[in-house]
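Comments concern the structure below.
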Amino acid sequence: MVNGQDITLGLIFAIIGGCAAWMASSYNGAGGTYPMILGIVLALLGATIAARAAIATQNEERPLVTAKANLIIALIAGAAYVALVVPLGFYTASALLMLCIPIALGFRRPIFTVVSAAVFVMMVWLIFSVILEKPLPREIWLTLGSGGGA
């Protein structure tokens, strides 16, 4: 019963998102704004999945993963990203992830990939460094450029 699985999974995401938003509301200052927004978005998306499954008229079997190789590539890239954030810096690791994943998954439009990566990194910089003023792991190229001092 696929609809039941979608309803259950949607409700789980809605509950997790709601709990995250509620917990973030107790954070001091603007530090809770971003996690609260993410929690609300997750809750809304989960509720949407559950609602769509509840009103769906078809209940067909479908595979959980249609491209297992792509799933493995994405999991390896995610693990590499987490491992590289501290040594390379948040922005450098994020840019590498945004450049490598499309190529690894077979996307062959390099200009679009580079522009997307640049826009993503600029948005991350704007949200974390400018709006939230949150410190992120120092970039390796800044550390090397300053003689290795912190």
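Not measured: the values here are computed from a predicted model. Residue numbers count from 1 along this sequence.
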Item to complete: Look at the side-chain heavy atoms of Ile, Leu, Val, Met, Phe, Trp and Tyr, link any pair under 4.5 Å apart, and say whether I15 and L44 land in one connected group.
Response: no
Discussion item. Can you list everything that forms a ring pair (Phe, Tyr, Trp, His ring centres under 6.0 Å) with Y81? Sequence neighbours excluded, please.
Written reply: none
Worksheet item: M36 and S25: which non-hydrogen atoms are nearest, and at how many Å?
Response: CE-CA, 3.3 Å
Worksheet item: Cluster question for you: counting only ILVMFWY and a side-chain heavy-atom cut-off of under 4.5 Å, with indirect links fine, are V119 and L126 together?
Response: no
Worksheet entry | Test side-chain contact (heavy atoms from CB on, under 4.5 Å) applied to A117 - qualifying residues, sequence neighbours left out | M98, L99
Worksheet item: Cluster partners of I72, using ILVMFWY side-chain heavy atoms under 4.5 angstrom, listed by chain and number?
Response: I76
Worksheet item: With sequence neighbours left out, what residues match I73 under side-chain contact (heavy atoms from CB on, under 4.5 Å)?
Response: N70, A104, L105
Response to the item:
For residues 99-118, the side-chain hydrogen bond (donor to acceptor under 3.5 Å, both in side chains) pairs (sequence neighbours left out) are none
Worksheet item: What residues join I12 in its hydrophobic cluster, counting side-chain heavy atom gaps under 4.5 Å, either direct or through other members?
Response: L9, F13, I16, L42
Practice prompt. Could you name each residue pair satisfying ring-ring contact (aromatic ring centres under 6.0 Å, His included) that touches residues 94-119, not counting sequence neighbours?
Written response: F107-F112
Worksheet item: Crowded around I111 CD1? As in, over 12 foreign heavy atoms under 6.0 Å?
Response: no
Fill in: Rounded distance [0.5 Å steps], CG in L11 versus CG in D6
10.5 Å
Worksheet item: Which pairs with one or both residues in residues 122-131 pass side-chain hydrogen bond (donor to acceptor under 3.5 Å, both in side chains), sequence neighbours excluded?
Response: Y91-S129
Practice prompt. Give a yes or no on whether I40 and I127 share a hydrophobic cluster (residues Ile, Leu, Val, Met, Phe, Trp, Tyr; joining criterion: side-chain heavy atoms under 4.5 Å apart).
Written response: no
Item to complete: Please report the closest heavy-atom contact between P102 and L97, naming both atoms and the distance.
Response: CD-O, 4.2 Å
Fill in: Summary of side-chain hydrogen bond (donor to acceptor under 3.5 Å, both in side chains) pairs that have at least one residue in residues 7-22, sequence neighbours excluded
none
Worksheet, complete the sentence: Residue set satisfying side-chain contact (heavy atoms from CB on, under 4.5 Å) with A20, at least two apart, ordered chain then number -> none
Practice prompt. Name all pairs fulfilling the side-chain hydrogen bond (donor to acceptor under 3.5 Å, both in side chains) condition that reach into residues 36-47, sequence neighbours left out, sorted by first residue then second.
Written response: none
Discussion item. Can you list everything that forms a side-chain contact (heavy atoms from CB on, under 4.5 Å) with A43? Sequence neighbours excluded, please.
Written reply: none
Discussion item. Are V121 and V115 connected into the same hydrophobic cluster when the rule is that any two of I, L, V, M, F, W, Y join if their side-chain heavy atoms are below 4.5 Å apart?
Written reply: no
Fill in: V130 with V124, same ILVMFWY side-chain cluster at under 4.5 Å
yes
